[in-house]
Amino acid sequence: MTIRKIQARDNQTLGTVIRQVFKEFGIDRPGTAYYDPELFSLSTLFETPGSAYWVVEIDGELVGGGGIFPTKGLDSTCVELVKFYLLPKARGKGFGKELLLHCCAGAKEMGYQSIYLETMPELTSAVPLYEKTGFRHLSAPSGCSGHFACSIWMQKELV
């Protein structure tokens, strides 16, 4: 497995991977990242200062990714974990945990003190991963992600 920064050549494949995961879990509905207008141009989105995105490759095949983004409405010391998805072939092997820790380390390196995320109960393997890596549940959303279909909000202090 390789984790590397997103490149423009990844845009179409990554958008397709993310949509495939949404369909797999039946969460391809309004109020989710499935309908984000920049889904097929993520390399451009992640040129935003204070953001970063990494893709995961297995034997040269892009199988997912995850990033951090300074979502509007969050405290300036907090960044959001965004577009964190892996295809089935990359799950259950520790790749998700490695990518998550990579995102947290990147956020800390960029000077953030905490990392926030929004998710859905249908993503049954993601929530336990977040809990095991130190994310705590919040009672309400933070920031203005526009993902109103998400009903689980979590945050982790980067110490």
Side-chain angles (χ1 to χ4, degrees), residues 1-23 25 27-57 61-87 90 95-120 123 126-127 129-130 133-138 140-159:
M1 179 199 64
T2 303
I3 297 175
R4 63 168 174 79
K5 287 267 189 156
I6 191 171
Q7 299 172 5
R9 66 181 169 90
D10 301 320
N11 285 337
Q12 289 303 309
T13 302
L14 187 58
T16 300
V17 164
I18 291 171
R19 285 212 166 154
Q20 184 176 333
V21 172
F22 271 77
K23 288 180 181 179
F25 287 94
I27 56 172
D28 50 337
R29 56 185 179 255
T32 67
Y34 187 89
Y35 287 98
D36 285 355
E38 66 278 347
L39 194 60
F40 287 89
S41 58
L42 291 177
S43 67
T44 302
L45 176 67
F46 286 93
E47 291 174 359
T48 302
S51 72
Y53 195 90
W54 299 273
V55 297
V56 175
E57 290 181 329
E61 178 188 358
L62 195 153
V63 295
I68 55 172
F69 194 83
T71 300
K72 184 179 175 182
L74 289 178
D75 181 278
S76 64
T77 63
C78 182
V79 70
E80 185 176 3
L81 180 73
V82 294
K83 313 262 187 303
F84 191 88
Y85 302 102
L86 293 172
L87 290 176
F95 299 155
K97 181 178 180 181
E98 192 170 334
L99 177 61
L100 180 58
L101 294 175
H102 193 89
C103 290
C104 290
K108 187 173 181 177
E109 187 177 297
M110 292 173 80
Y112 292 107
Q113 296 173 14
S114 63
I115 189 165
Y116 166 80
L117 66 84
E118 299 177 338
T119 191
M120 305 172 82
L123 298 171
V127 176
L129 171 63
Y130 299 141
T133 54
F135 282 83
R136 61 179 172 77
H137 288 267
L138 302 175
S142 295
C144 305
S145 73
H147 296 147
F148 57 83
C150 293
S151 60
I152 297 174
W153 313 283
M154 303 176 85
Q155 191 164 337
K156 174 182 179 168
E157 299 303 314
L158 300 171
V159 289

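Numbers here are sequence positions counted from 1.
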Would you mind reporting whether [Y] and [X] have side-chain heavy atoms less than 4.5 Å apart?
| X | Y | value |
| --- | --- | --- |
| H147 | V82 | no |
| H137 | V127 | yes |
| S43 | Q7 | no |
| W54 | K5 | yes |
| L123 | I152 | no |
| R29 | M120 | yes |
| Q155 | C78 | yes |

Can you give me the closest heavy-atom contact between [X] and [Y], atom names plus distance?
| X | Y | answer |
| --- | --- | --- |
| A107 | L158 | CB-CD1, 3.7 Å |
| Y112 | P70 | OH-CB, 3.7 Å |
| V63 | A90 | CG2-CB, 3.7 Å |
| S142 | L74 | CB-CD2, 3.6 Å |
| M110 | G50 | CE-C, 3.3 Å |

For the [atom1] atom of [X] and the [atom2] atom of [Y], what is their distance to the nearest 0.5 Å?
| X | Y | atom1 | atom2 | value |
| --- | --- | --- | --- | --- |
| M1 | F95 | CE | CZ | 5.5 Å |
| E57 | T13 | CD | OG1 | 10.0 Å |
| L117 | F84 | CG | CZ | 9.5 Å |
| R19 | D28 | CZ | CG | 9.0 Å |
| L14 | Q12 | CG | CD | 10.0 Å |
| C103 | E98 | SG | CD | 11.0 Å |

>> The test is side chain to side chain contact (heavy atoms under 4.5 Å, CB included); show your working for M154 and E118 and say whether it passes.
In response: CA-CA 7 Å; M154 303 176 85; E118 299 177 338; over 6 Å; no
Without swapping roles, check the side chain of [X] against the backbone of [Y] for a donor-acceptor pair under 3.5 Å.
| X | Y | result |
| --- | --- | --- |
| Y116 | L81 | no |
| T133 | L129 | yes |
| K83 | G67 | no |
| D36 | E38 | no |

> Between N11 and S41, do the side chains contain an N or O donor and an N or O acceptor separated by less than 3.5 Å?
Replying inline: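 The criterion, which ignores hydrogens and geometry beyond distance, is not satisfied for S41 and N11.
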>> Please tell me whether S114 and E157 have a donor and an acceptor in their side chains that are separated by less than 3.5 angstrom.
In response: no
>> Is it the case that the ring center of F22 lies less than 6.0 angstrom away from the ring center of Y85?
In response: yes
>> Could you go through I68 and S51, starting from their C-alpha distance and side-chain angles, then the distance that decides it, and tell me whether this counts as side chain to side chain contact (heavy atoms under 4.5 Å, CB included)?
In response: CA-CA 5 Å; I68 55 172; S51 72; 5.6 Å; no
> So L39 and Y34, side chain to side chain contact (heavy atoms under 4.5 Å, CB included) or not? Walk me through it.
Replying inline: CA-CA 7 Å; L39 194 60; Y34 187 89; 5.5 Å; no
> Please walk me through it: do D10 and R4 pass salt bridge (Lys or Arg N to Asp or Glu O under 4.0 Å)?
Replying inline: CA-CA 11 Å; D10 301 320; R4 63 168 174 79; 2.8 Å; yes
